[in-house]
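Labels below follow one simple rule: chain letters A, B, ... track the order of the sequence lines, proteins then strands, and each chain is numbered from 1.
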2 protein chains.
Amino acid sequence: MRQRSPETWRQIRDSAVGLMAERGFDAVSVDDIVAEAGISRRTYFNYFAGKESVLFDPDPEDPLLWAELIAARPAGEPLWTALHQLIRAYTTAAAERMIRQRLVLRASPELAACSRKVCDRFWDAVRAWASQRNADSTELQLDLLINTAQTVLNTVLPRWDVDTGIAGLHRLIDEGFTLLQSPEWTTS
Amino acid sequence: MRQRSPETWRQIRDSAVGLMAERGFDAVSVDDIVAEAGISRRTYFNYFAGKESVLFDPDPEDPLLWAELIAARPAGEPLWTALHQLIRAYTTAAAERMIRQRLVLRASPELAACSRKVCDRFWDAVRAWASQRNADSTELQLDLLINTAQTVLNTVLPRWDVDTGIAGLHRLIDEGFTLLQSPEWTTS
DNA sequence: GCGCGGCGTGCACTGAGTGCAAGTTAGATG
DNA sequence: CATCTAACTTGCACTCAGTGCACGCCGCGC
């Protein structure tokens, strides 16, 4: 997986997403993608490990963005609140990306299962940060909290009407977080 | 996908799981499986949609088991408690299966991502039941609660040392559920 | 004996993914 | 200017997953 050129990377991904949003995931072969992108089949696999990777791999510069978002969290903030705000910030920053992905997923519902791992790399970064920050908590506690936050996002995403924009998504996210932190959520 | 014979089904699955626990998922081809099971390649795909299906598809009689477990829940029980008890009952009933799956996942860590969908069909059944039972709640509320319960299980499973048996798994499950329903869980 | 339907199988084909070796280009060095 | 090298790209050949189709076998009712 030796790639140096972010332009080629974008070129491939944009071609792929374009075709897939139009025809659906299954109806687009890797050959279609490389023809559209003007590269060879072999080069595709030098950039992406598989066919889904072109949808779910993070942008090359994403890790830096994540680091900024994470660094922006104030020190004393409760972890749950920090996760809530991180998701808001993340979805704001990655707005066009999320919208593009939704379009593809709308055209290819069979990918719904894979869609959970959309932001897995992001969550890994969050996990690393949290375990340093809250060194007093157990790994299990932190993982539970983070996975639950991730679940809120994943639960809410399929209900998101792309036409309502990021504001609409934020309303859903807030609703999810609020529901889970209301005192009586376990007694319904 | 026309299959009538549960014996053949078990035969294929047992052959596959045996080989995979031994060599790892990637090192076992479908041809290996069908050779071991004594059937043709084409028949394999009449029973299972893909290579992973042989690991993650439910047993033919599982839906009946799930229905029993679900029917056993008392009427007034809070949904969160019901989900907790359902998971305990499910893992008890599917003990050997879960242990087998852990063995394969131990041999093939690359499947960790897929392992989340281990019991997806079970959760679908739970979802259907809950939306009838708690018709007053919104779909979003129910999905959040159920997905969170599912997350507890998925968070806890990788930490389970198979040698501690189902009792050890239940300790982890209880710990997860208790953590999330403790009043101060959002303020760490 | 005859049709019929369910199931298993062989065959041929598409498409994903990989290892290897050769080609290309750009920059560093003499 | 010649050339060496390292990074990147490419073509080729191969394995394996997955599918459509048609045929064969067997048990069943008539």
Throw together a table of side-chain donor-acceptor distances under 3.5 angstrom for residues 35-42 of chain B, partners on residues two or more places apart or in other chains.
unit_1	atom_1	unit_2	atom_2	d
B:S40	OG	B:R42	N	3.4
B:S40	OG	B:T43	N	3.1
B:S40	OG	B:T43	OG1	3.0

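- Between B:T43 and C:dG8, a side-chain N or O to OP1/OP2 separation shorter than 4.0 Å is absent.
- At least one donor-acceptor pair closer than 3.5 Å links the side chain of B:D161 to the backbone N or O of B:D163.
- Place B:G38 and A:Y44 on DNA chain C by their nearest nucleotides, and B:G38 ends up nearer the 5' end.
- The separation between A:L55 atom CG and C:dA16 atom P is 13 Å, rounded to whole Å.
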Please tabulate, one pair per line, each protein N/O and nucleotide N/O from nucleotides 15-17 of chain D that are separated by under 3.5 Å, including the distance.
unit_1	atom_1	unit_2	atom_2	d
D:dA17	OP1	B:V30	N	3.3
D:dA17	OP1	B:K51	NZ	3.4
D:dA17	OP2	B:V30	N	3.3
D:dA17	N7	B:R41	NH2	3.2

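- The side chain of B:Y47 contributes an N or O atom lying less than 4.0 Å from OP1 or OP2 of C:dG8.
- Enclosure of atom CZ in A:R23 by more than 12 non-hydrogen atoms of other residues, nucleotides or ligands within 6.0 angstrom is indicated.
- Side-chain atoms of A:T151 come within 3.5 Å of backbone N or O of A:N147 as a donor-acceptor pair.
- With hydrogens and angles ignored, a donor-acceptor pair closer than 3.5 Å exists between the side chain of A:R42 and the base of C:dG19.
- In this structure, B:E61 places its CD atom where more than 12 heavy-atom neighbours from other residues, nucleotides or ligands lie under 6.0 Å away.
- Atom P of nucleotide D:dT9 and atom CZ of A:F48 are separated by 12 Å, given to the nearest angstrom.
- Not one N or O on the side chain of A:S108 forms a donor-acceptor pair closer than 3.5 Å with the backbone of A:L105.
- Atom CH2 in B:W9 sits about 19 Å away from atom C1' in C:dG8, given to the nearest Å.
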